[in-house]
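The shown structure was predicted, so the numbers you read here are calculated from the model rather than taken from an experiment. Every chain is numbered from 1, with letters handed out A, B, ... down the list of sequences.
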Amino acid sequence: MKQSKLFYKTYKESIHSEDSLNAQLLIRGGFIEKVGSGLYNFLPLGLKVLEKIKRIIREELNKIGCQEISLINLHPIEYWQITKRIDKFDILFKTKSHNGIEYILAPTHEEIIFPLVKKIISSYKDLPLALYQINLKYRDELRAKAGLLRNREFLMKDLYSFHINDEDLEKFKSLVDKTYLKIFKLCGLRAILTLASGGTFSKFSTEFQVPTLSGEDEIYYCENCNQAWNKEIIKTSKCDHCKKKLDIIKSIEVGNTFNLGTKFSKDFELFYLDKFNKKKYVLAGCYGIGISRLLGAIVEVNNDKYGIVWPSNIAPFRAHLLLLQYSNKKINLKLIKLANKIYQFLTNNNIETLFDDRTDVSNGQKFVESDLIGIPYKVIIGESSLNEELEIKLRNNNKIFKVKINNLLKCLK
RNA sequence: CGGGAUGUGGCCUAACGGCUAAGGCGCUUGGUUUGGGACCAAGAGAUUGUGGGUUCGAAUCCCACCAUCCCGACCA
């Protein structure tokens, strides 16, 4: 992508109407734009990162046998009356059609997926089944806050699984827990598996908490067991397993896994026939990852005083190709030619590259903007590049090393 | 919903109740620059969140509403 054509704008000064670090950096870097409280547009750079995260999630979930679907976001209100959650949730956005039909804007999708699954499965042979989607959710939060961490409209991956018994469900839930840890790791985050309240469904649920001071949750963490307990369920300040004293850590919840038991199967009369032709309730689990929140959490954790430092798997680009310019027009022309050649070369070799091809911007500004955007590798085309050498800056440790063109690919992979 | 703070061009700020609302960034044009948000010159861009009130006169004082941020209750 040529930066001269990229739809974005960076800001020099911090944004008055935002307090959180993730919103500051994402707005100032040209990733998102604010519309209102808890409402953000995604610009090309921000969307690129979202897509990277989605890809990781899809790959890992597909590996464990989940299938992707897409469910509606306009929910006819009857479905919510059936589960009686219409009275319990005070975060529901409601709307009406021209002829007075009432709808709920999806805050979650149990009400839609259970009727769907009911139409298709009927036998133990149809189970287990795991379906997920990546879709927007709407929640009328009492207080949206902290940039992307608590929004009224947000992107979520929700997975639902269906089983013949609790044992099979719990086995699958453990598999999802393991997969989640892997997904967060691939996204460049350390997430701590945390036991939390299961709400109305079951005794416990599992949360995935990312330690950071800006988090709104508090967990009690055992270093030995690498596990934590949410403040809401903690009884003692000592680990259940090894009796070690627990550390209290502020954190952001980026995912959770729930055993739903038969709650919704009962509501929607979701049965299967077992081997003995006996009708039984389907056991179900649900598993969420707040994708836009995850993006916010990643920024909260991965930054320095110059800007965002994207973990390499989810960076919007792999390389930031910077064309420098000087007073000497001849040299400039040579550099433009060389930079274009390198850009072609990188693109042809599938290195996703943002090419700062602008010639009307000072070199200094290019560096500062590049730091703010936070692409892992800078490939700098300057005077010294004209003798077959390229200067490459690895951003994480701010180390500069020179590489020959032939070795460029090896260094970027 | 309770408490606190804030609202001035796209962004960040200034302006004692008193002249045409000032400056920086960004943007446009021209010129000089170029290894860390360069400089000079000339421009474009605002009914100071909205509505009411006080006053000869309101960005400034008062009231209401709205919006945004923070704390709390609630929550992925």
Taking only the side-chain heavy atoms of A/Ser384 (C-beta and beyond), determine which of B/rC11, B/rC70, B/rG35 contains the nearest atom. B/rG35

Quick one: the side chain of A/Tyr326 and the base of B/rG35, do they pair up donor-acceptor inside 3.5 Å? yes

When you measure from the centre of the six-membered ring of A/Tyr281, is the NZ or CZ of A/Lys266 under 6.0 Å away and within 45° of the axis? yes

For the aromatic rings, using the six-membered ring if either is Trp, is the centroid distance between A/Trp229 and A/His241 under 6.0 Å? yes

If we call it a pair only when both distances are under 3.5 Å in a Watson-Crick or G-U wobble match, what pairs with B/rC16? none

Kindly state whether the ring of A/His320 and the ring of A/Tyr377 have centres lying under 6.0 angstrom apart. no

Base, sugar-phosphate alone, or nothing: which one does A/Gly36 contact when heavy atoms must sit under 4.0 Å apart? sugar-phosphate

Under 30°, 30 to 60°, or over 60°: which ring-plane class applies to A/His109 and A/His75, parallel, tilted or perpendicular? perpendicular

In whole angstrom, give the distance that lies between atom CG of A/Leu142 and atom P of B/rG72. 14 Å

Does the structure show a Watson-Crick or G-U wobble partner for B/rU55, both distances under 3.5 Å? Name it, or say none. none

Has A/Ser327 got a side-chain N or O lying under 4.0 Å from the OP1 or OP2 atom of B/rU34? yes

Please state how far atom OH in A/Tyr8 lies from atom C1' in B/rC27, giving the value in whole angstrom units. 14 Å

Taking only side-chain N and O atoms of A/Arg143, does any of them lie within less than 4.0 angstrom of OP1 or OP2 on B/rA73? no

Which nucleotide in the list B/rC69, B/rA38, B/rA73 gets nearest to the side chain of A/Ser362? B/rA38

Return the stacking result for B/rA76 and A/Phe154: yes when the ring centres lie under 5.5 Å apart and the planes under 30°, no otherwise. yes

Considering Watson-Crick and G-U wobble pairs with both distances under 3.5 Å, what does B/rA41 pair with? B/rU29

Starting from C1' on B/rC12, measure out to CD1 on A/Ile27 and report it in whole angstrom. 14 Å

Counting the atoms with a prime plus P, OP1 and OP2 as sugar-phosphate, which does A/Asn363 contact under 4.0 Å by heavy atoms, base, sugar-phosphate, or nothing? base

Let me know the distance between NZ of A/Lys145 and P of B/rG72, rounded to the nearest Å. 6 Å

Is there a donor N/O on one and an acceptor N/O on the other, under 3.5 Å, for the side chain of A/Glu13 and the base of B/rG24? yes

Quick one: which of B/rG37, B/rG35, B/rA76 gets closest to the side chain of A/Lys12? B/rG37

Taking the ring of A/Phe42 and the ring of A/Phe31, is the distance between their centroids below 6.0 Å? no

Examine B/rU13: is either OP1 or OP2 under 4.0 Å from a nitrogen or oxygen in the side chain of A/His16? Give yes or no. yes

In whole angstroms, how far is the P atom of B/rC69 from the CD atom of A/Gln24? 12 Å

So A/Phe114 and A/Phe264, would you call those rings parallel, tilted or perpendicular, with 30° and 60° as cut-offs? tilted

Residue whose closest nucleotide on RNA chain B lies nearer the 5' end, A/Gln325 versus A/Arg152: A/Gln325

Looking at B/rG37, does its base get a donor-acceptor pair with the side chain of A/Thr10 below 3.5 Å? yes

With a 4.0 Å limit, can you tell me whether A/Lys34 has a side-chain N or O closer than that to the phosphate oxygens OP1/OP2 of B/rC69? yes

